[in-house]
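This report refers to the structure that appears directly beneath it.
In what follows, every chain begins at residue 1, and chains take the letters A, B, ... in the order their sequences are listed. A quick note: this is a predicted structure, and the numbers were derived from the prediction, not measured.
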Number of protein chains: 2
Amino acid sequence: MTDLHTTNALRLLQVADDFRAGLSGEFSAVHGISVNEFFLLLHLERSAANRLPRVDLARRMHVSASTITRMAAPMEKVGLVDREVDERDARLVFVVATDAGRAKLSEALSTFSKRAGYLFDDRCDDEELDRFASILRRLIAGTGDTLA
Amino acid sequence: MTDLHTTNALRLLQVADDFRAGLSGEFSAVHGISVNEFFLLLHLERSAANRLPRVDLARRMHVSASTITRMAAPMEKVGLVDREVDERDARLVFVVATDAGRAKLSEALSTFSKRAGYLFDDRCDDEELDRFASILRRLIAGTGDTLA
DNA sequence: GCTATATGCTTGCAGACGCAAGCGAGTCGC
DNA sequence: GCGACTCGCTTGCGTCTGCAAGCATATAGC
């Protein structure tokens with residue numbers, strides 16, 4: 001039908017969509033956050049001092065700067081993140097994870113891991129898992145932001 | 001940091017997002033369609049008679065029925081798809097690909113394959129590609145709709 | 001045949017997002 | 001210093017999407 005590259009890309013997108021759709025439901029029901037909010041918190045945790053400028057978050061998350069502004073606002077209200085202005089450069093506004101934010105991330109991450117387990121367990125042995133991770137790592141390379 | 005299942009799932013989502021973001025720009029610029037419209041056409045092509053009930057499309061594409069309604073309308077206007085009502089059951093409204101729709105899909109698919117080539121080429125050898133495809137196929141299994 | 005229920009589709013409304021414009025803050029050249 | 005440019009953030013507007021309600025059609029029980 002089509003070449004292997006194409007088939008792999010199609011399957012990749014489909015698996016990712018399926019997984020994300022499953023996550024979305026459980027996240028909003030159990031943790032009260034969206035998948036994007038989860039990733040925002042995760043990016044913060046993986047960063048230097050639990051904080052990132054808004055423009056950095058936007059680039060890492062493949063969303064526009066305005067989306068970060070509008071995502072952060074309600075999260076500040078609920079106390080998941082705080083707002084910090086850089087002392088040197090007043091243009092930079094950091095999104096910083098609060099203790100509550102890190103706790104929420106931790107809960108959500110365990111849900112994430114559980115579903116990741118459902119996805120891979122009984123479908124891959126350990127060696128395949130390693131190879132899979134190795135390939136994915138190379139496919140990410142070039143974007144810069146690691147996250148995993 | 002975290003177990004391999006989790007790492008793989010995170011990387012999977014990230015690679016898929018990166019790839020989809022890249023596609024999105026080229027699709028709208030070169031072919032004048034969105035990524036979702038591309039997938040709609042692809043699902044039709046992969047189906048029995050180049051046509052599917054709207055509710056089926058919705059399930060396969062992980063979107064709501066209303067989204068299909070609103071996606072199909074402008075595509076009918078442009079002539080990419082047609083509308084057919086089932087003779088036996090007047091509730092079923094099929095979305096059917098026109099010749100123009102299949103041609104558009106063919107163009108877009110070549111763009112898709114090109115980008116899939118960029119993604120995998122020089123990063124995986126043939127054996128890895130096979131293993132990758134094998135794993136992804138198993139990860140999809142269970143949803144029913146194949147697509148690839 | 002008639003009512004009750006289920007199914008597929010569409011529409012009103014609200015939420016999330018991108019783009020472009022606007023504003024404040026920093027930097028460079030003079 | 002001072003103007004011109006750049007950069008980060010926010011806001012207005014249009015688009016896309018999901019959810020819930022409504023409508024039309026089909027099916028089951030009587």
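Between A:S64 and C:dC17 there is no side-chain polar atom (N or O) within less than 4.0 angstrom of OP1 or OP2. Between B:S66 and D:dT17 there is no side-chain polar atom (N or O) within less than 4.0 angstrom of OP1 or OP2. Distances shorter than 4.0 Å separate none of the side-chain N or O atoms of A:T67 from OP1 or OP2 on C:dC17. Applying the 4.0 Å criterion to OP1 and OP2 of D:dT10, one finds that A:R54 has a side-chain N or O inside that range. Taking 4.0 angstrom as the limit, B:R70 places none of its side-chain polar atoms (N or O) nearer than this to OP1 or OP2 of D:dC19.
Rounding to the nearest 0.5 Å gives a distance of 10.0 Å between CG of A:D126 and CD of A:E128.
Set against D:dG8, D:dT11, C:dC9, the side chain of B:P53 has C:dC9 as its closest nucleotide. Among C:dT10, C:dC17, D:dT11, the nucleotide with an atom closest to any side-chain atom of A:M71 is C:dC17.
With rounding to whole Å, B:I33 atom CD1 is found 19 Å from D:dT15 atom P. In this structure, A:D86 atom CG and C:dA25 atom C1' are separated by 12 Å, rounded to whole Å. One atom, CG of A:L52, and another, C1' of D:dC9, lie 16 Å apart when rounded to the nearest Å. With rounding to whole Å, B:E84 atom CD is found 18 Å from C:dG8 atom P. The interatomic distance linking B:F94 (CZ) with C:dT10 (C1') rounds to 18 Å, in whole Å. Atom P of nucleotide C:dC9 and atom CG of B:D56 are separated by 8 Å, given to the nearest angstrom. In this structure, NE2 of A:H62 is placed 11 Å from P of C:dG18, rounded to the nearest angstrom. B:R83 places its CZ atom 11 Å from the C1' atom of C:dG8, with the value rounded to the nearest Å.
A side-chain N or O of B:H31 and one of B:T111 form a donor-acceptor pair less than 3.5 Å apart.
Taking the nucleotide of DNA chain C with the nearest heavy atom to each of A:R91 and A:I68, the more 5' of the two is matched to A:I68. Nucleotides of DNA chain C nearest to A:N36 and A:D89 differ in position, and the one nearer the 5' end is that of A:N36.
By the 4.0 Å N-to-carboxylate-O rule, B:E26 lies close enough to B:K114 to be salt-bridged with it. A salt bridge links A:R91 with A:D89: the distance from a Lys NZ or Arg NE/NH1/NH2 to an Asp or Glu carboxylate oxygen falls below 4.0 Å.
At the heavy-atom level, A:A90 lies under 4.0 Å from the strands shown only through sugar-phosphate atoms.
Put simply, the side chain of A:D3 does not reach to within 4.5 Å of the side chain of B:F120, judged on heavy atoms.
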